[in-house]
Amino acid sequence: MCDIIYIKQVSHDTYSNSSGYQLFVILDKHFKDNSRVDVSLKNATPMSSSYLNSSIGELITLYGFDKFKSVVKFVDVTPSHAEILKSYLLSCGITIH
Amino acid sequence: MEIKLRSSVDYHKLYEAIPSPSVLSEPITIDLKEHGFFNPRDIVMITLFIISNCSNEHVVMVQPPLDKSVGGYLEDIGLVEFCTKNLTQSVTIEAIQKVTAMPIRRLTSDNMTEYIDYAADYFKEMSDNRDLTMFNLSVAETINNVKDHAQSPIDAYAFCQYFPAKKQIKVVVGDLGIGIPNSVNNYLKKNNNPVISEIESMKWALTENRSIKSQPQNQGKGLNNLLTFVKANKSSLTLYSNNAMFFATADVEIFKKNEYSSFSGTLIEVVINIDNLPEASFEEVDFVL
């Protein structure tokens with residue numbers, strides 16, 4: 001059973017670099033421990049590119065996308081969250097089908 | 001010094017007359033007596049001008065529109081209060097029901113969350129159950145862009161209004177920072193690259209993942225991300241900065257000379273067409289990477 005992190009609870013907002021960094025710090029522990037984690041977007045507002053840059057963008061840069069997807073799973077994702085994630089990952093050169 | 005404004009086409013006079021607030025010694029009178037309809041971008045443009053001059057302790061007087069309904073609009077949206085007594089922040093972020101608008105607001109990345117979330121909730125009431133992600137991103141990406149690049153002495157000012165007849169939300173964010181073309185060329189010079197035209201520098205800044213300075217990992221994704229969503233939702237984006245201007249819809253991209261000549265900062269207008277937004281859906285699934 002893996003941990004679940006609710007963005008709504010761990011980030012002050014989903015717009016700023018500083019809030020993205022809050023998520024980064026929490027997720028980074030899981031990368032260091034090599035433990036899987038579910039990231040729930042339940043009731044989360046749309047994520048800006050700054051927020052994603054400072055959280056998942058930083059982790060993908062540090063650990064690579066293969067490692068990222070072996071550790072992180074996004075759950076409770078609405079269609080608009082999914083569009084934002086796809087668009088962001090595409091801008092990082094990663095295509096999600 | 002008197003500046004007469006009758007419509008949007010006169011706004012170039014503001015910054016032509018006074019390219020820098022620091023060089024002015026005489027009082028400024030803005031004559032709005034014959035002004036008709038105000039676009040949200042007019043509101044932000046005039047707010048930036050008044051706030052920046054008043055911040056430099058210049059006297060700015062406004063002659064209100066003779067048309068009482070137009071003058072009443074300026075009162076309703078808080079422009080008069082904001083630019084005369086309360087130069088840093090409007091008293092409230094409560095929506096102005098009478099004109100379906102949010103009050104003019106001075107925003108930074110530290111205080112934008114409350115504004116965005118409140119405004120999104122308010123506009124949701126009139127958006128026919130459409131997904132307003134586009135609204136949240138319009139404000140967040142533009143404010144983050146000001147924080148990362150603009151060096152604006154007065155932060156950013158935002159004004160948003162819903163127009164029921166056209167079913168559009170207009171979002172306008174402006175600053176009086178150094179402007180995108182100047183910012184790009186400063187970067188190019190610093191890295192021993194040749195300076196490029198203002199229009200070319202605007203194209204440079206809008207290229208994906210290209211940015212002159214950002215917080216870690218921002219990598220210039222903000223404006224490009226906004227543009228992606230504007231196109232996907234068949235809305236429009238207009239960007240005025242220094243002497244360059246950019247307009248985009250789903251099918252068109254136009255770069256040209258800024259109609260607000262001598263404007264030193266950046267003004268971004270997003271027009272969201274409600275009918276083109278997807279239905280709001282709260283169905284939640286796992287996102288497979």
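Chain letters run A, B, ... following the sequence lines, proteins first, then strands; residues in each count from 1.
- Rounding to the nearest 0.5 angstrom, the gap separating the CG atom in L52(A) from the CG atom in N225(B) is 8.0 Å.
- When all heavy atoms are compared, the tightest approach of S281(B) to T78(A) is O-CB, 3.7 Å.
- The greatest number of non-hydrogen atom pairs below 4.5 Å with chain B, out of D76(A), V75(A), D13(A), is found for D76(A).
- Interface remark: S48(A) contributes backbone and side-chain atoms alike to the contact with chain B (heavy atom separation under 4.5 Å).
- Proximity to chain A (any heavy atom under 4.5 Å) is restricted, for M112(B), to the side chain, taken from C-beta onward.
- Taking each heavy atom of D117(B) and T45(A) in turn, the nearest pair found is OD1-CG2, 3.7 Å.
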- Apply side-chain contact (heavy atoms from CB on, under 4.5 Å) to K147(B) and N17(A), showing your working. CA-CA 11 Å; K147(B) 182 198 72 172; N17(A) 287 109; 2.8 Å; yes

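- Within 6.0 Å of CD on Q97(B) lie more than 12 heavy atoms contributed by other residues, nucleotides or ligands.
- In this structure, the portion of V288(B) lying under 4.5 Å from any heavy atom of chain A is its backbone and not its side chain.
- Heavy atoms from other residues, nucleotides or ligands lying under 6.0 Å from NZ of K67(A) number more than 12.
- Proximity to chain B (any heavy atom under 4.5 Å) is shown, for K69(A), by both the backbone and the side chain.
- Smallest separation of non-hydrogen atoms from M47(A) and L137(B): O-CD2, 3.5 Å.
- Counting non-hydrogen atoms of neighbouring residues, nucleotides and ligands closer than 6.0 angstrom, the CD atom of E253(B) exceeds 12 such neighbours.
- Both the backbone and the side chain of I84(A) come within contact range of chain B, judged by heavy atoms closer than 4.5 Å.
- Rounded to the nearest 0.5 angstrom, I96(A) CD1 and F287(B) CZ are separated by 5.0 Å.
- Looking at Y21(A), there are no atoms closer than 4.5 Å to chain B (heavy atoms on both sides), in backbone or side chain.
- Under a cut-off of 6.0 angstrom, the local environment of CD in E125(B) is crowded, with over 12 non-hydrogen atoms contributed by other residues, nucleotides or ligands.
- More than 12 heavy atoms of other shown residues, nucleotides or ligands fall within 6.0 angstrom of atom CZ in F65(A).
- Applying the 6.0 Å contact sphere to NZ of K231(B) captures more than 12 heavy atoms from other residues, nucleotides or ligands.
- To the nearest 0.5 Å, the span separating OG on S80(A) from CG on L277(B) amounts to 11.0 Å.
- The distance from the OH atom of Y15(A) to the CD1 atom of I116(B) is 5.0 Å, given to the nearest 0.5 Å.
- Between the side chain of E141(B) and the backbone N or O of S49(A) there is at least one donor-acceptor pair closer than 3.5 Å.
- Residues D286(B) and K73(A) come closest through the heavy atom pair OD2-NZ, 3.5 Å.
- Distance check, rounded to the nearest 0.5 Å: CG of L289(B) to CZ of F74(A) gives 6.0 Å.
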